[in-house]
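Single-structure report; data block below.
Every heavy atom of this structure was used, including side-chain atoms; hydrogens, water molecules and symmetry mates were not. Within every chain, numbering begins at 1; the chains are lettered A, B, ... in the order of the sequence lines, protein sequences first and strands thereafter.
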There are 2 protein chains.
Amino acid sequence: MSLAYSILLLLISSTSTSYFISFAHSKIARLGISSKMLKNAPDGSTQKIDESDLKMYYFNQTLDHFTFTPKSYMTFQQRYAINSSHWGGAKANAPILAFLGEESSLDSDLSGIGFLRDNGPHLKALLVYIEHRYYGKTMPFGSAEEALKNASTLGYLNAAQALADYAAILLHVKEKYSTKHSPIIVIGGSYGGMLAAWFRLKYPHIALGALASSAPLLYFEDTRPKIGYYYIVTKVFKETSERCYTRIRKSWKEIDRVAVKPNGLSILSKTFKTCAPLNGSFNIKDFLDTIYAEAVQYNRGPTYWVANVCNAINANTPNRKDTLLDRIFAGVVALIGNRTCYDTNMFSQPTNNHIAWRWQSCSEIVIPVGYDKQDTMFPTAPFNMTSYIDGCESYYGVPPRPHWITTYFGIQDVKLILRRFGSNIIFSNGLSDPYSVGGVLEDISDTVVAITTNGSHCQDISLKNKEDPQWLVMQREKEIKVIDSWISTYQNDLRDLNMSI
Amino acid sequence: MSLAYSILLLLISSTSTSYFISFAHSKIARLGISSKMLKNAPDGSTQKIDESDLKMYYFNQTLDHFTFTPKSYMTFQQRYAINSSHWGGAKANAPILAFLGEESSLDSDLSGIGFLRDNGPHLKALLVYIEHRYYGKTMPFGSAEEALKNASTLGYLNAAQALADYAAILLHVKEKYSTKHSPIIVIGGSYGGMLAAWFRLKYPHIALGALASSAPLLYFEDTRPKIGYYYIVTKVFKETSERCYTRIRKSWKEIDRVAVKPNGLSILSKTFKTCAPLNGSFNIKDFLDTIYAEAVQYNRGPTYWVANVCNAINANTPNRKDTLLDRIFAGVVALIGNRTCYDTNMFSQPTNNHIAWRWQSCSEIVIPVGYDKQDTMFPTAPFNMTSYIDGCESYYGVPPRPHWITTYFGIQDVKLILRRFGSNIIFSNGLSDPYSVGGVLEDISDTVVAITTNGSHCQDISLKNKEDPQWLVMQREKEIKVIDSWISTYQNDLRDLNMSI
């Protein structure tokens, strides 16, 4: 397996680390709302959160909403949490903010997502957080072992089923709180951001609006240039430090040069302090690729990762014998800290979340990322759909359906389609986020709007921080202002139509 | 089983007759775009249609779009037809009119539906007709016998899967004709009308607009009064002839009075010339209920069925010994013609279409129709959801999901939801159609509009006829004018956005 076969897929996983995993001929990126890979990540996981207002529930969820075979009636326990301490009540038709979980456990969302708790008091909103099927404690078939076994059980893990789960739970919550007309605003980030936008489009009778943070929902089929992701990674490095960019760009050949020496892999292993012997130079290259991408994706204060890694790479140390690869390794240390050794192949024993996401990437979330020419700071790695399909099929026994997302959700011609259909979606993107290339970056209509900043991945929905830059504070204020306007228009409509609770 | 348990469900089936069938504790109405039950029905089946321009195709369709289990990848051959003789071509982005089949065979739609062929030349449209899964020749699992066997095979027969089928075929057709931006207008009647409206809402990137003819898509759960259907049946009879209405209203007790006599059922059987001995008076009552409802539903020229049946019921014949039931029987003859005998239980050997629709009615298309008090010309027949569910469950082994349609499609609060979401839907209804009670009868926005007339069920999309009344001619003109405006707005948008083929 070589980088030439690499396929980069998005993953948003605030629990899991954000490493790549090697899988068949594909490389799957695990990219999250927040990073736990980078040391001291300012992602809320280090902040103390008061969770005493949260109550946890389980909902008896239908396994398969879209068939009526006897098997489809199987149920599982879906976890969700409610904070009702700010809620204005049913009589006031006070709003509901619902966080639609992505491919991670509810616990990590509860600690990492700030948008709901930060805005609950102002909106007098009921706060709901729902865990995505097959993640965390929401496991069909009785156990993760059974649920994640093969295509026969994993087959029920997909976006359409997840959205139907959310529909069922949100209707249940409205019934539980006896509020027929409380408007629901759904919120999600990255893959969860796609879910939020798709939910507003497919279930407008349940969600009044959606905040889709860093949702690369145009990054399917040929809608966006495959190179986009790595183009931005490269751009951010280059803008931070031309010297750093040049060093990284040169490093790949150097790695290969060392690797083919007698004992070359051992030398590399020693240079990068790997925990285990290397199978090839690709082990190191994939590892570096991941952490550079991650550094850009979560490049935010107080620690700006790209500056950090570049400072280390650029540094002139007292030790004049330092090679290029020693400097590259210094970058690794700057990013993930001093360790006794570095595990370049962390997914030899993947977590449940990784297994579940690998399935999603190999069934419908087929995001083609590749770079054919020497136009990034990385070695070439074209996206090859045939290899991708073959790899997935040989692993699972069933091929991906790479056209399904565009068939079912299909907002690829977003300007043409949504300018006169649909309403109440905010697409928020940080233009320094590599995934912004797949985002909606321009206003489509008065109510389908884009909010862009220079920020990173899912930064707007993370927890507020005293050190947040002014543009981030303003972005969040703008988002709430838009949501306020949706709600007030809706409340006027309710009065107009003489509809009460 | 008695009428008290009757549950009326809609069925649109232009092939099948429109009889009720008795099933468990339910009675399922089979109501179609056109009637073949009433004699000389002016529904196109008697008109000669030139089908030489039509080409038939089969598409390799996925069994289950919403799971990715190995079984979901099974395929079946879905039939569709294309008439390209009027098409203006890809360069002009000329439109596509797509008829979304309901629960009948494609053949009957091809002969009964006029809207496409009547408007194809003016719109320079490509005409596409698609058969619904599990009907006609579109049968998964290799054969009707296998497909219709039980819940394990029937489980894949539902509206969401059917819509995904249509999406896949329409994208395939666009590819086949190399036309990326030809706007598609979807058209359907009754259940097919619901599908058309739902398709526009769920797949706005595939269909630019929808004409939903006589689609009772609000007739779910408690959105509309359960009595609505029979209220209109009664109203039309009463307005046609008060005397006729009174006679019918009195007849049910008379039937019961005769039935309990010694040999009462034999007497009834003789009076109504039934082909087989009766199991109870309900055989006659269900039969009459059906044909009265059908007479109203398809009450149109040149034969106005309600006037016809009432003339017969009201007539003073030379035979002074005529009883009330003799007159009622004369009404039957007026409606379905002189026969050697009358089969009151025509579904003892149901057709494939009936079996498939019975499943749909017992899984998701749960339309609660009932009449509790003496407020129609029929005996009371309250809708009992518990009996309904029990009946279906004991028959299929799985219960219906009566909340699924409102969860997934949920336009019950249509004014609140669609005034600011969605566009380009025509809801057309004839107010003398009993199903209009479940229709959208008021304009919702500038582009989600209601067109109502005094017509009957699906009359606007049937074939043009020289004897069509002026209001029908005008209704169709209005529909085309609206569709024209959608297409021209869309063509402007294309130019605006500099999008070509």
Side-chain angles (χ1 to χ4, degrees), chain A residues 62 64-73 150-158 160-161 164 167-168 171 181 200-206 359 363-364 396-401 403-404 406-413 415-424 447 489-490 493-494 497 499, chain B residues 62 64-73 150-158 160-161 164 167-168 171 181 200-206 359 363-364 396-401 403-404 406-413 415-424 447 489-490 493-494 497 499:
Chain A
T62 300
D64 184 356
H65 301 275
F66 297 96
T67 73
F68 295 71
T69 62
K71 191 170 184 182
S72 75
Y73 284 80
N150 55 38
S152 295
T153 49
L154 282 163
Y156 303 89
L157 165 55
N158 59 62
Q161 299 280 0
L171 290 180
H181 292 305
R200 167 63 181 159
L201 291 171
K202 296 292 187 203
Y203 297 86
H205 50 291
I206 300 179
W359 162 262
S363 47
E364 60 176 7
Y396 289 111
V398 295
R401 293 178 186 159
H403 305 300
W404 173 242
T406 52
T407 298
Y408 188 54
F409 298 112
I411 69 164
Q412 53 274 28
D413 285 334
K415 283 191 199 171
L416 184 62
I417 304 307
L418 293 192
R419 67 156 46 178
R420 298 185 198 279
F421 182 97
S423 55
N424 298 1
T447 58
T489 301
Y490 172 85
D493 284 351
L494 276 182
L497 296 168
M499 294 172 91
Chain B
T62 300
D64 184 355
H65 302 275
F66 298 96
T67 73
F68 295 71
T69 62
K71 191 171 184 180
S72 75
Y73 284 79
N150 55 38
S152 295
T153 50
L154 282 163
Y156 303 89
L157 165 55
N158 59 62
Q161 299 280 0
L171 291 180
H181 292 306
R200 167 63 181 158
L201 290 171
K202 296 291 188 204
Y203 297 87
H205 49 292
I206 300 179
W359 162 261
S363 48
E364 61 176 5
Y396 290 110
V398 295
R401 293 178 187 159
H403 305 300
W404 173 243
T406 52
T407 298
Y408 188 54
F409 298 111
I411 67 165
Q412 53 273 24
D413 285 333
K415 283 190 200 173
L416 184 63
I417 304 307
L418 293 193
R419 67 156 45 177
R420 299 187 196 277
F421 181 97
S423 55
N424 297 1
T447 58
T489 301
Y490 171 85
D493 284 351
L494 275 183
L497 297 166
M499 295 173 90

If one checks every heavy atom of A:His403 against chain B at 4.5 Å, the contacting part turns out to be neither
Here the pair of heavy atoms bringing B:Ser423 nearest to B:Thr447 is CB-OG1, 3.1 Å
Turns out that what part of B:Asn158 lies under 4.5 Å from chain A's heavy atoms comes down to side chain
Quick one, B:His181 and B:Tyr490 - any side-chain contact, counting heavy atoms below 4.5 Å?
yes
Of all heavy-atom pairs linking B:Asp64 and B:Tyr156, the shortest is OD2-CE2, 3.6 Å
Under 4.5 Å to a heavy atom of chain A? For B:Leu416 that would be both
The interface call for B:Tyr408 against chain A, heavy-atom contacts under 4.5 Å, is both
Inset, instruction - Report the relative orientation of the aromatic rings in A:Phe66 and B:Trp404; use parallel for angles under 30°, tilted for 30 to 60°, perpendicular for over 60°. - result: perpendicular
For B:Arg401 and A:Ser72 the tightest heavy-atom approach is NH2-OG, 2.9 Å
Checked B:Asn424, B:Ile411, B:Thr69 vs chain A; the most non-hydrogen pairs under 4.5 Å come from B:Thr69
Keeping the roles fixed (side chain from B:Gln161, backbone from B:His65), state whether a donor-acceptor pair exists under 3.5 Å. yes
- Ignoring hydrogens and geometry, is there a side-chain-to-backbone donor-acceptor pair from B:His205 to A:Thr407 under 3.5 Å? yes
Most contact-rich option vs chain B, by heavy-atom pairs under 4.5 angstrom, among A:Leu201, A:Thr153, A:Leu154, A:Asn150, is A:Leu201
B:Trp359 vs A:Phe68 aromatic rings, parallel, tilted or perpendicular, using cut-offs 30° and 60°? perpendicular
Cut-off 4.5 Å, heavy atoms of chain B, and the answer for A:Thr62 is side chain
Turns out that what part of A:Arg419 lies under 4.5 Å from chain B's heavy atoms comes down to side chain
With chain B, the option among A:Asp493, A:Leu171, A:Asp413 that has the most non-hydrogen atom pairs under 4.5 Å is A:Asp493
Counting heavy-atom pairs under 4.5 Å with chain B, the top scorer among A:Thr406, A:Thr489, A:Ile417 is A:Ile417
Heaviest contributor of heavy-atom pairs below 4.5 Å to chain A, chosen from B:Ala167, B:Ser363, B:Pro400, is B:Ser363
With chain B, the option among A:Ala160, A:Ala164, A:Pro399 that has the most non-hydrogen atom pairs under 4.5 Å is A:Pro399
Highest number of heavy-atom pairs under 4.5 Å with chain B among A:Ala168, A:Pro204, A:Ser152 belongs to A:Pro204
From the list A:Arg200, A:Lys71, A:Gln412, the residue making the most non-hydrogen contacts under 4.5 Å with chain B is A:Arg200
Establish, yes or no, whether the cationic atom of B:Lys202 lies under 6.0 Å from the six-membered ring centre of A:Phe409 and within 45° of the ring axis.
no
